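Order of listing sets the numbers, starting from 1, for every ligand and every atom in it. Please read these numbers as outputs of a predicted model, since none were measured by experiment. In what follows, residues are counted from 1 in the order of the sequence shown.
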Amino acid sequence: MIPIDFIDNMQAQLGNELDAFCQALSEPPTVSIRVNDKLMPGELPVLINDSQARQVPWNPDGYYLSARPQFTLDPLMHAGCYYVQEPSSMFLDHVLRELVPDDAVVLDLCAAPGGKSTIISQHLLYGLLVSNEVVRQRVFILAENVQKWGNGNVIVTHNKPSDFSERLPNAFDCILVDAPCSGEGMFRKDERAQQEWSLKNVQMCAQRQKQILKDAWGALKPGGLIIYSTCTYNTLENEQIVRFINNELGADIVPIPLQQQWGIQQGLGCHFYPHKLRGEGLYMCALRKREQHFTEFRPKPAKKNKRQPQQDLQEVREWLFNPEIWHLYQTERFVIAFPEDFRELIEYMYDHFTCISVGFGLSELRGRHQAPLHSLSMVKDFNAEAFPIVELELPQALAYLRTEALQLPHAPVGLVLLTYHNIPLGFAKNIGNHCNNLYPYEWRIRNASL
Ligand code: SAM
């Protein structure tokens with residue numbers, strides 16, 4: 001049941017468009033995905049057999065699907081070939097292309113489950129993303145989604161917004177605050193959002209949004225960009241928060257170029273209404289922090305870890321197409337790869353933040369040999385041909401993703417890379433009469449049958 005106070009608010013906002021808006025709320029939400037560049041452009045609609053799939057106007061990687069497939073039973077989703085994402089959220093890609101250079105250092109402050117982080121990491125061809133989530137239970141799904149997307153340029157952290165201002169002052173070129181909100185834009189998709197809605201909750205959300213912004217503000221460079229977004233319509237959580245950033249924190253609104261036929265309404269920020277476009281409710285606004293004299297943050301080089309073993313890593317370098325762009329950081333047990341260009345910042349963060357994942361795990365020391373880690377097989381820079389490859393059919397691929405035992409009688413003995421439609425799914429060790437399944441147990445598919 002749509003709350004009456006909500007309708008009153010919308011009447012004030014939309015005037016004579018209210019009926020069209022209410023009509024749109026009674027229609028089913030769209031089903032859409034955003035495709036990773038692990039696949040060729042246009043390849044996915046063919047693979048998922050949807051000839052009616054149509055591109056999302058503001059994002060060339062986004063597709064509206066004609067029906068909802070059983071995503072859990074598609075190995076390509078588990079391999080990070082696409083992300084099931086609401087179309088309006090995909091607008092972030094357009095904002096980044098317009099306003100953020102691809103070598104920027106970006107903080108996604110409220111990042112779980114990671115849809116927007118995957119957009120940012122793909123945009124930052126030469127940059128770095130810090131993807132943060134303060135709620136402990138949500139941080140692991142964030143790390144999983146980021147790893148599967150496979151850019152390798154992300155640090156996932158579990159910290160409070162104020163930690164960034166205190167420990168990384170003036171460090172970020174851009175901060176995305178995709179704030180926790182009252183979720184009015186999700187009413188069509190999520191009945192709980194309707195039940196939990198109240199005017200009091202809207203006010204509480206607005207207070208929290210201001211606090212989050214205030215706490216993280218010091219981490220943004222003067223001249224840096226803040227992108228503020230919510231999935232709600234009301235002005236208290238949108239325009240009024242933007243005015244707060246503008247007047248009290250000190251930033252100027254940056255208009256976002258739009259195409260009129262997209263149906264996005266630009267006022268003080270961009271509004272997505274479901275009666276004007278195919279997507280759920282969303283609000284997004286970009287502001288530039290005012291320039292002032294400041295000292296650029298320069299992380300001190302990390303203390304040398306005396307116990308860090310220095311092994312010859314020639315073999316593991318061959319598992320990457322471009323080993324020179326990665327710094328290989330060795331711990332007692334693991335080799336972790338992250339972008340060489342950001343080595344000092346990343347080592348500093350390693351020491352000062354609760355890091356859940358850094359770049360990608362490349363290998364683990366087993367006896368005197370390095371064994372590849374699963375996260376390597378998800379990375380776009382992975383040189384799959386360094387391993388014997390076994391292409392799987394759908395039933396075997398699903399058995400692998402459920403971490404069941406496999407039999408691969410025609411595969412070579414030893415470590416093999418399993419693929420589906422030539423996309424890496426992960427490793428297995430073929431012993432001969434059976435295979436040890438090396439898929440991460442915590443990522444396994446549960447309760448799904450073909
Ligand atoms: N950006 C995400 C995506 O695209 O997948 C969705 C983010 S969701 C709208 C807001 C996130 O903020 C949630 O993951 C929530 O746990 C987190 N959050 C809740 N309270 C917070 C707080 N006080 N400070 C920072 N983040 C908070």
Any side-chain donor-acceptor pair under 3.5 Å between D93 and W58? no
Under the ring-ring contact (aromatic ring centres under 6.0 Å, His included) definition, can you give me all pairs with a residue in residues 111-139, not counting sequence neighbours? none
Sorted by first residue and then second, give each ring-ring contact (aromatic ring centres under 6.0 Å, His included) pair with at least one member in residues 12-33; sequence neighbours left out. F21-Y233, F21-H275
For D50, give me all partners under side-chain hydrogen bond (donor to acceptor under 3.5 Å, both in side chains), at least two apart in sequence or on another chain. S66
When you measure from the centre of the six-membered ring of F353, is the NZ or CZ of R167 under 6.0 Å away and within 45° of the axis? yes
Measure the shortest side-chain to side-chain distance between F360 and I336 over non-hydrogen atoms and say whether it is less than 4.5 angstrom. no
Below 4.0 Å from any atom of ligand 1, which residues have a heavy atom? Give them in chain and number order, please. C110, A111, A112, P113, G114, G115, K116, E133, V134, V135, R138, P161, D178, A179, P180, R208, I212
